Colleague: 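Could you have a look at this structure, given as structure tokens, before my questions?
Within every chain, numbering begins at 1; the chains are lettered A, B, ... in the order of the sequence lines, protein sequences first and strands thereafter. Heavy atoms only: backbone and side chains are in, while hydrogens, waters and symmetry mates are out. Just so you know, these numbers come straight off a predicted model, no measurement behind them.
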Amino acid sequence: MLSAQERAQITQVWDLIAGHEAQFGAELLLRLFTVYPSTKGYFPHLSACQDATQLLSHGQRMLAAVGAAVQHMDDLRAALSPLADLHALVLRVDPANFPLLIQCFQVVLASHLQDEFTVEMQAAWDKFLTGVAVVLTEKYR
Amino acid sequence: MSNFTAEDKAAITSLWAKVNVEDAGGETLGRLLVVYPWTQRFFDSFGSLSSPSAIMGNPKVKAHGVKVLTSLGEAIKNLDDLKGTFGQLSELHCDKLHVDPENFRLLGNVLVCVLARNFGKEFTPQVQAVFQKVVAGVATAMAHKYH
């Protein structure tokens, strides 16, 4: 599904994020809550006070999972299986929300990487994150 | 539909004044065609769309992108009446061009990414929120006359 070039783009971008998972993750969540307030309902503990420490901590966890997905691009289903179970059985985030998160992710990347954020990177990451979202919602029914 | 506060309008006009529509137009439409290749279905007459560099360098893509963002610039002066502003364009895109309104939402999202890329840190969550509201309003206005 992902070409060799796309894999390279994905890894290239991840190398720029790695080490800054908490910061990127926190900004991702902040953008999600600010732009799409209805998503706050899924994070009651986080969104009420938007405490920086908690956003960093949860952001770190989310981006670490993205990092794991990058390491296992060829076998997302196996790598993300526990998270897929979590989303299906416990979190039950409506699938319509994943494109909102993906949009915010693209904006985080674009605003940080700026000129380095090539069209090929944007395309590869959109495809990749959409694939991740499919896996995370696959066990819903 | 969307209500824009005085603060929203100030933020929007202030950022938009700094946008180079020549550059951003081609960038936005180009990225739409690359990231969501099925959108190319409307542009058979545009010549080569065979690769990202062909698309981004295509003069017809650039020209059309500029046209789209110029329209958007006009809308930004009329945020309280987006439906009125886009009435005729909506009819055109439905009756003649047969463009699925989902494409307006995709284009809007790509524009937000292009703005984020151009403005970096200045494109804060609050600024993003306001511009997402603009593009959502435009997409709705563009779909309004569909039947």
Colleague: Given heavy-atom pairs under 4.5 angstrom as the criterion, report whether the side chain, backbone, both or neither of Q132(B) touches chain A.
Modeller: side chain

Colleague: Hey, could you give me the CD/CG distance between E27(A) and L109(A), rounded to the nearest 0.5 Å?
Modeller: 9.5 Å

Colleague: Using the side chain to side chain donor-acceptor pair (under 3.5 Å) rule, take K83(B) and S90(B) through it: C-alpha gap first, then chi angles, then the decisive distance, then the call.
Modeller: CA-CA 9 Å; K83(B) 286 185 177 140; S90(B) 177; over 6 Å; no

Colleague: Aromatic rings F24(A) and H20(A): how do their planes relate, parallel, tilted or perpendicular, breaks at 30° and 60°?
Modeller: tilted

Colleague: Select one option (side chain, backbone, both, neither) describing which atoms of F119(B) are under 4.5 Å from chain A's heavy atoms.
Modeller: backbone

Colleague: Check whether Y36(A) gets within reach of chain B through its side chain, its backbone, both or neither, counting any heavy atom under 4.5 Å.
Modeller: side chain

Colleague: Under 4.5 Å, heavy atom to heavy atom: which of residues 48-74 of chain B reach chain A? Give them by number, or say none.
Modeller: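 Against chain A, the residues of residues 48-74 of chain B that fall inside the cut-off (heavy atoms, under 4.5 Å) are P52(B), M56(B).
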
Colleague: Name the option with the most non-hydrogen atom pairs under 4.5 Å to chain B; the candidates are Q106(A), Q122(A), E120(A).
Modeller: Q122(A)

Colleague: Write out, in numerical order, the residues from residues 34-44 of chain B with a heavy atom short of 4.5 Å from a heavy atom in chain A.
Modeller: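 Under the 4.5 Å heavy-atom cut-off, V34(B), V35(B), Y36(B) qualify.
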
Colleague: Is the centre of the H144(B) ring less than 6.0 Å from the centre of the F86(B) ring?
Modeller: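 No, ring centres 6.0 Å or more apart.
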
Colleague: Can Q128(B) and R31(A) be counted as having a side-chain donor-acceptor contact under 3.5 angstrom?
Modeller: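 Note: Q128(B) and R31(A) side chains meet the donor-acceptor criterion.
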
Colleague: Taking N97(A)'s backbone N and O only, do any of them form a donor-acceptor pair with D94(A)'s side chain (distance below 3.5 Å, no angle check)?
Modeller: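 It does not hold such a pair.
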
Colleague: Please determine, by modelled atom types, if K139(A) and S81(A) share a side-chain donor-acceptor pair under 3.5 angstrom.
Modeller: yes

Colleague: Give the member of A123(A), A110(A), A124(A) that has the highest number of heavy-atom pairs under 4.5 Å with chain B.
Modeller: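 Option with the top pair count is A110(A).
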
Colleague: Nearest 0.5 Å please: distance from the OG1 atom of T28(B) over to the CG atom of N109(B).
Modeller: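 Those atoms lie 11.5 Å apart.
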
Colleague: Taking every heavy-atom pair that is under 4.5 Å apart, which of L32(A), T118(A), L30(A) has the most such pairs with chain B?
Modeller: T118(A)

Colleague: May I ask you to check whether H93(B) and F104(B) place their ring centres under 6.0 Å from each other?
Modeller: yes

Colleague: List the steps, then state whether salt bridge (Lys or Arg N to Asp or Glu O under 4.0 Å) holds for R117(B) with E27(B).
Modeller: CA-CA 11 Å; R117(B) 184 173 175 268; E27(B) 196 68 32; 3.7 Å; yes

Colleague: List the steps and the verdict of salt bridge (Lys or Arg N to Asp or Glu O under 4.0 Å) for D80(B) and K9(B).
Modeller: CA-CA 10 Å; D80(B) 292 328; K9(B) 290 178 190 177; 2.7 Å; yes

Colleague: If you count every heavy atom of other residues, nucleotides or ligands that lies below 6.0 Å from Q5(A) atom CD, does the total exceed 12?
Modeller: no

